[in-house]
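One-based numbering, in listed order, for ligands and for the atoms of each.
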Amino acid sequence: MNPLNHVAIIMDGNGRWGLKKYNSRNKGHRAGLDTVEKVIRISIKHKIKYLTLYAFSTENWRRPKTEINYLFSLLENFLKVKSKQFQKNNIKLKILGEKKFSKKLNNLLIKSEKITKNNDKLQINLALNYGSKKEIVNAVSKIKNKKLKITEKCIANYLYTKNIPDPDMLIRTGNTTRLSNFLLWQISYTEIFFSKKLWPDFNEADFIKLINKFKKIKRNYGEV
Ligand code: IPE
Ligand code: IPE
Ligand code: MG
């Protein structure tokens, strides 16, 4: 049985779910938050140490302003309520991506990271304004400026995911089989699962089924 330390999730399908059910993409984003809470709970139960959630990509700025504003207001409320609970439950929050939001949200993110930084039960990495190509370019240019030798280890040390082990599993919901600029460096040996379910419909049984499937896979890493 493979140990499961780090699960990364591309939480896709909110908009379609909301449109289908309530004729509103935003209602789908709201419902998606309940699934976020569910996967956090299950991750703790299964002693997963890192949960990385793709919440907003560098490309998502192309969406209508009203949707973007709604997403960030949801996030703001979520953090206001949750960062105290994270602290109480020994959960560490880390943001992956460039914190280039409103001053208020930037400060809230920084504060949530700061108050939870010594927690060690579960680390939630929230990928926000995250783009994998941008992450790699940033890393390489910092290395170049410092005139360091470019090695795999050095690049890994300049990514947002510094000191975070690579994901064991990547799950993408939403019936779409692409990576959408997520963790391209970090998932070179990750087991990838695509779920047809839209994110708000993804439930405990779905998650556990995938975890069990993952546990039985023979991970070769190039060996036989
Ligand atoms: C993913 O759901 C959540 C974010 C990108 C914020 P989508 O909003 O992409 O949902 P679909 O893919 O349009 O259904
Ligand atoms: C990926 O979903 C980003 C997040 C889940 C935050 P998208 O819905 O933005 O991906 P594309 O644009 O369909 O590839
Ligand atoms: Mg989508």
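- In terms of protein heavy-atom proximity, atom 6 (C) of ligand 1 is nearest to Ala55 O, 3.2 Å.
- At a 4.0 Å heavy-atom cut-off, ligand 1 does not touch Ser57 at all.
- Separation of the Phe182 and Tyr130 ring centroids falls under the 6.0 Å cut-off.
- Salt bridge absent: Lys38 and Glu204 never bring a charged side-chain N and a carboxylate O closer than 4.0 Å.
- A heavy-atom separation below 4.0 Å is found between Asp12 and ligand 2.
- Between Phe78 and Phe86, the angle of the ring planes goes over 60°, which puts this pair in the perpendicular group of the 30/60° scheme.
- Not a single heavy atom of Glu59 lies less than 4.0 angstrom from ligand 2.
- Protein heavy atom closest to atom 2 (O) of ligand 2, with residue, atom name and distance, is Arg172 NH2, 3.6 Å.
- In this structure, Lys197 forms no cation-pi arrangement with Phe202, as its terminal cationic atom is not both closer than 6.0 Å to the ring centre and no more than 45° off the ring axis.
- Close contacts between ligand 2 and Asn60 involve ligand atoms 3 (C), 6 (C), 9 (O) [criterion: under 4.0 Å to a heavy atom].
- Between Phe72 and Trp61, the ring center distance clears the sub-6.0 Å criterion.
- With a heavy-atom cut-off of 4.0 Å, Phe56 touches ligand 2 through its backbone alone.
- Residue-environment remark: NZ (Lys99) exceeds the threshold of 12 foreign heavy atoms within 6.0 Å.
- Inclusion of Trp17 in the set of residues having an N or O under 3.5 Å from an N or O of ligand 1 is not warranted.
- Ranking protein heavy atoms by distance to atom 3 (C) of ligand 1, first place goes to Met11 O, 3.5 Å.
- Nearest protein heavy-atom neighbour of atom 10 (O) of ligand 1: Gly15 N, 2.9 Å.
- Atom numbering of ligand 2 starts at 1 in the shown order; those under 4.0 Å from a heavy atom of Ser180 are 1 (C), 10 (O), 11 (P), 14 (O).
- Distances from ligand 2 to the non-hydrogen atoms of Arg63 include at least one value under 4.0 Å.
- At the top of the distance list for atom 11 (P) of ligand 1, counting protein heavy atoms only, stands Arg16 NE, 3.5 Å.
- Asp12 has its closest N, O or S atom to the Mg ion (ligand 3) at the position named OD1.
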